[in-house]
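Worksheet for the structure shown next.
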Amino acid sequence: MKKYSVAICGGGSTYTPDMMELLCMMQKDFPLKKLVLYDIDKNRQEIVGKFGEVMFKEYYPELEYSYTLDPKEAFDGIDFAFVQIRAGGMDQRNNDEKIPYEFNCIGQETCGPGGLSYGVRSVVQMIDLIKDIRTYSKDAWIINYSNPAAIVAEATKRIFPYDKKLVNICDMPTSVLDAYLPLINVKRSQIYPKYFGLNHLGWFTGLYDKETGHDYLPDLLQYVESHYEQIHEQFENKIKGKDDHWGITFLNHLEMLHDFPYSLPNTYNLYYIYPNKSLTHYSLEHTRYDEVINGREKMVFEYCKKITELGRMKGTEYDISSKINPNYAVDNPQAAATVYADNDVHAAYLVELVLSIINNSNDIALVMTKNNGICPNLDNEMMLEVACRIGKEEIVPLNYGTVPAFEKGLLENQFACEKLLVDAILEKNSLKLLQAFTENRIVRDAELAKKLIQRFIDVNGEYWPQFK
Ligand SMILES: NC(=O)c1ccc[n+]([C@@H]2O[C@H](COP(=O)([O-])OP(=O)(O)OC[C@H]3O[C@@H](n4cnc5c(N)ncnc54)[C@H](O)[C@@H]3O)[C@@H](O)[C@H]2O)c1
Ligand SMILES: O=P(O)(O)OC[C@H]1O[C@H](O[C@H]2[C@H](O)[C@@H](O)[C@@H](O)O[C@@H]2CO)[C@H](O)[C@@H](O)[C@@H]1O
Ligand SMILES: [Mn+2]
């Protein structure tokens, strides 16, 4: 079987250790010749890089493993680039989330004004990164997680329109399925989805059994409705006394599903449909940034440093020998190392796509692709998150059909915002920047938009182009 060469961009990402452990477990299903981490922050990447040296020496000694800041060293002769960079790092995420709260507006990583600020930085850096990868590996698959994925997808559609092996993905829909399918005893590996939307604003409208074609979605919606109080209490008890971002999110999601019980929404829809409730989830003093920097980031880096200090994993509580199995079960997200329990779906979803590519199994998965009539009553230029067949040489979308007025209205508004932002970035056009912020359903007001833009210009410095 061919051995593949992989680069992980954002080697210092908190998701990279999980991804490396999963690649370690997958060595028979997805054998690697070379794995290289690439980052722009030497110290940050070194924490993860050194962990990888310990792990691969024990479980994957034949793997050519390294970490680097040099694009040529990272991207020369690769088959895959897994991209998970955070343009501007967590410091800028803090600004993205806190500055809107100065004006009593929702501050969020990828949605609303925070997402627009992040989007400007990401578009600039992702275009440069993809050009670097393509300089050294013309034919590698580039699978991007970097956010805000909707805005990155809109930009890469324009700059790399013919790049068939450049795909933007998101793990949120998978997480929604992992939260709800167990309620009706259905495994994610049993079904393929029908879904439509932009990234972080979408809806499941079908969950089809791969063998029988049965649609489980009506069963699920009916079950949730008939057991609503019980499930609500279950979700409530799970978060009692805890600062559980995702627990609170899924409780609010359940209430949104109860209000609109005809499809299964993405959790991010909450920011656009319940802005007042979403606003009070955080404050100027405390946003998701504070939880991540003191939670996942702290936990993951402590894990890496601990193993580096131990110099081994075998025979310790960190031993993953039992998980290195020849038959990776897509339905076993726990197969991903539980470096940080919440992360398991992130690595698992990416690997599921990779398996479909290398085996040309044309599995159906959600990725972002140009509309072009998939949803005939939505703008053809939209980068829709829809079900596609994932093949060795290209990704082929399934047709969807027309979408209802309520969802169409939300999507066309959000698309206008994201399109105008990418226009603004590529043209350095300050009027289009103002239009993008004002168009956004969470900002809405031009006076507020002007204040937000000025504050983001101040804090982003050279991360943002000079808008004229
Ligand atoms: N699409 C999804 O559903 C999804 C899911 C999870 C995370 N993400 C995204 O994945 C990214 C990583 O998340 P995280 O929390 O681990 O971030 P993180 O801040 O922990 O790590 C990001 C890494 O990227 C590096 N980096 C920044 N700019 C870079 C550049 N231009 N080139 C190379 N490296 C660069 C940083 O130095 C850092 O080491 C973020 O964009 C996050 O929003 C997306
Ligand atoms: O606030 P964060 O940094 O913990 O997570 C933001 C991301 O949330 C979604 O992804 C995953 C998340 O990465 C994972 O840790 C877990 O919490 O479940 C989430 C849903 O799978 C979202 O899809 C990403 O775009 C966000 O960046
Ligand atoms: Mn996402």
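Each ligand, and each atom within it, is numbered from 1 in the order the structure gives. Reckoned from all heavy atoms, side chains included, excluding hydrogens, waters and symmetry mates.
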Work out whether the distance between some heavy atom of [X] and some atom of ligand 1 is less than 4.0 Å.
X	answer
M126	no
R44	yes
S146	yes
R93	no
N199	no

With rounding to 10 degrees, C170 SG, the Mn ion (ligand 3) and H200 NE2 define an angle of 100°
Between [X] and [Y], does the ring centre distance come in under 6.0 Å?
X	Y	answer
F406	F260	yes
Y303	Y318	yes
H253	Y268	no
H258	H232	no

Tell me the contacting part of [X] for ligand 2: side chain, backbone, both, or neither, using a 4.0 Å heavy-atom threshold, strictly below.
X	result
E291	neither
R93	side chain
Y349	neither
Y145	neither
V292	side chain
M172	both

Q) Purely on distance, is any nitrogen or oxygen of R296 under 3.5 Å from one on ligand 1? A)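 Right, the criterion is met.
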Out of [options], whose heavy atom sits nearest [atom]?
atom	options	result
atom 9 (C) of ligand 2	D171, T287, I169, T110	D171
atom 8 (N) of ligand 1	N147, D128, D18, D171	N147
atom 39 (O) of ligand 1	I293, V300, D39	D39

task = Test M383 against E418 for side-chain contact (heavy atoms from CB on, under 4.5 Å), laying out the working first.
result = CA-CA 10 Å; M383 286 300 281; E418 293 170 358; over 6 Å; no
| said: Below the 3.5 angstrom mark, is there an N/O of N147, backbone or side chain, next to an N/O of ligand 2? | reply: yes
field: Under 3.5 Å: N/O of H245 near N/O of ligand 2
entry: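 No; the residue has no nitrogen or oxygen that sits under 3.5 Å from a nitrogen or oxygen of the ligand.
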